[in-house]
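Structure record follows, encoded as structure tokens.
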Amino acid sequence: MSSLRQPVIHLKGVQFGWKPGTVVLDIPELLVNQGEKVFIRGPSGSGKTTLLGLLGGVLTPVAGDVSVLGNDIGRFSSARRDHFRADHIGFIFQMFNLIPYLSVIENVTLPLGFARKRRESVQSMGVDAGQEAIRLLNHLELTDTQLLQRPVTELSIGQQQRVAAARALIGRPELVIADEPTSALDSDTREAFIRLLFTECEAAGSTLVFVSHDSALEALFDRSVALNEINRASQHRPLSAEVSEVV
């Protein structure tokens, strides 16, 4: 890995607890560089989703610095964190979180209504939002034009997954965060999806942070991080206690 790459994520001395007096994440340091594809693994209850909440500014630490793209987002106001997340971060959620009453195209273009920077990125390509949505969907192997106008509830799980990925990728956000998006798929489909996701992230220059409990996937990534090994809180607590307090 080139030393010239700039850090996209830098956590330093980060602690988080859901209630006073408890610490469920205690991470001395985590560094992710520009363009990396990083796999973060951990069992259910180890704090993977909580970590992603910190990276996305949905949660704020009780101590330490959460630097994303050179900004200490933990010190931002709630409104500023929302704007920052919309402009710079694409999320692929475990349950996809698609809007059931919208068409496929409308679901993909939805973030552009909240993110000026991503909207301007699409405009700079000389296309409109719908055209860019179709391009992404086609690259993710959703090419049926009739299907693209249907409500997402009529799609298979694998098709919904690709719609969720296109929504995260539209407007070329600098950081893409994926929270167990392949958990409902078989092994062959999982690997094919991840390779398509890699292709789109590389084309956009996006950094990818992908969390999963499925260690069979980690060989596909540039680097793998075991959350339990970097989280000092988990090293002193039984898993049963973590499951009750950490998501």
Show me the donor-acceptor pairs within less than 3.5 Å that the side chains of residues 86-94 make with the rest of the protein, sequence neighbours left out.
from, atom 1, to, atom 2, distance (Å)
Asp87, OD1, Arg116, N, 3.1
Asp87, OD1, Lys117, N, 2.9
His88, ND1, Glu174, OE1, 3.1
His88, ND1, Glu174, OE2, 3.1

Table please: side-chain donor-acceptor pairs of residues 55-70 below 3.5 Å, with sequence neighbours left out.
from, atom 1, to, atom 2, distance (Å)
Asp65, OD1, Arg75, NH2, 2.9

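Residues Ala168 and Pro173 come closest through the heavy atom pair O-CG, 3.2 Å. Smallest separation of non-hydrogen atoms from Arg195 and Leu220: NH2-CD2, 3.0 Å. For the pair Asp222 and Gly35, the tightest heavy-atom approach, listed with the atom from each and the gap, is OD2-O, 4.1 Å. Nearest heavy-atom pair, Ser234 versus Asn228, reported as atom, atom and distance to 0.1 Å: OG-O, 3.3 Å.
The ring pair (Phe, Tyr, Trp, His ring centres under 6.0 Å) pairs that include a residue from residues 141-177 number zero, where partners must be two or more places apart or lie in different chains. Contacts classified as ring pair (Phe, Tyr, Trp, His ring centres under 6.0 Å) and involving residues 97-143 (residues at least two apart or in different chains) are not found. Within the structure, the salt bridge (charged side-chain N to carboxylate O under 4.0 Å, His left out) test picks out no pair touching residues 151-162 (sequence neighbours left out). For residues 166-209, the ring pair (Phe, Tyr, Trp, His ring centres under 6.0 Å) pairs, not counting sequence neighbours, are Phe198-Phe221. Judged as a salt bridge (charged side-chain N to carboxylate O under 4.0 Å, His left out), the pairs with a partner in residues 203-221 (not counting sequence neighbours) are, in order, Arg41-Glu218, Arg190-Asp214.
Leu110 and Val122 sit in two unconnected hydrophobic clusters of ILVMFWY residues. Membership requires side-chain heavy atoms under 4.5 Å apart, directly or through other members. Note on Met125 and Val108: same hydrophobic cluster, where clusters join Ile, Leu, Val, Met, Phe, Trp and Tyr whose side-chain heavy atoms are under 4.5 Å apart, directly or indirectly. By the criterion of side-chain heavy atoms lying less than 4.5 angstrom apart, applied directly or through intervening Ile, Leu, Val, Met, Phe, Trp or Tyr residues, Ile170 is grouped together with Val127 in one hydrophobic cluster. No single ILVMFWY cluster, assembled from side-chain heavy atoms under 4.5 Å apart, contains both Leu102 and Ile157.
Applying the salt bridge (charged side-chain N to carboxylate O under 4.0 Å, His left out) test to Glu29 and every residue at least two apart in sequence or in another chain returns nothing. Partners of Ala203 under the side chain to side chain contact (heavy atoms under 4.5 Å, CB included) rule, at least two apart in sequence or in another chain, do not exist in this structure. Annotation: side chain to side chain contact (heavy atoms under 4.5 Å, CB included) contacts of Pro28 (sequence neighbours excluded): Arg232. Shown here are the side chain to side chain contact (heavy atoms under 4.5 Å, CB included) partners of Thr145, two or more places apart in sequence or in another chain: there are none. In this view, Leu147 and Leu142, Asp144, Arg150, Leu155, Gln159 satisfy the side chain to side chain contact (heavy atoms under 4.5 Å, CB included) rule, not counting sequence neighbours.
The CZ atom of Arg172 sits 8.5 Å away from the CG atom of Leu136 when rounded to the nearest 0.5 Å.
A donor and an acceptor atom, one from each side chain of Thr143 and Asn138, are nowhere located under 3.5 Å apart.
Partner of Trp18 under the side chain to side chain contact (heavy atoms under 4.5 Å, CB included) criterion, out of Leu25, Thr50, Val23: Thr50 alone.
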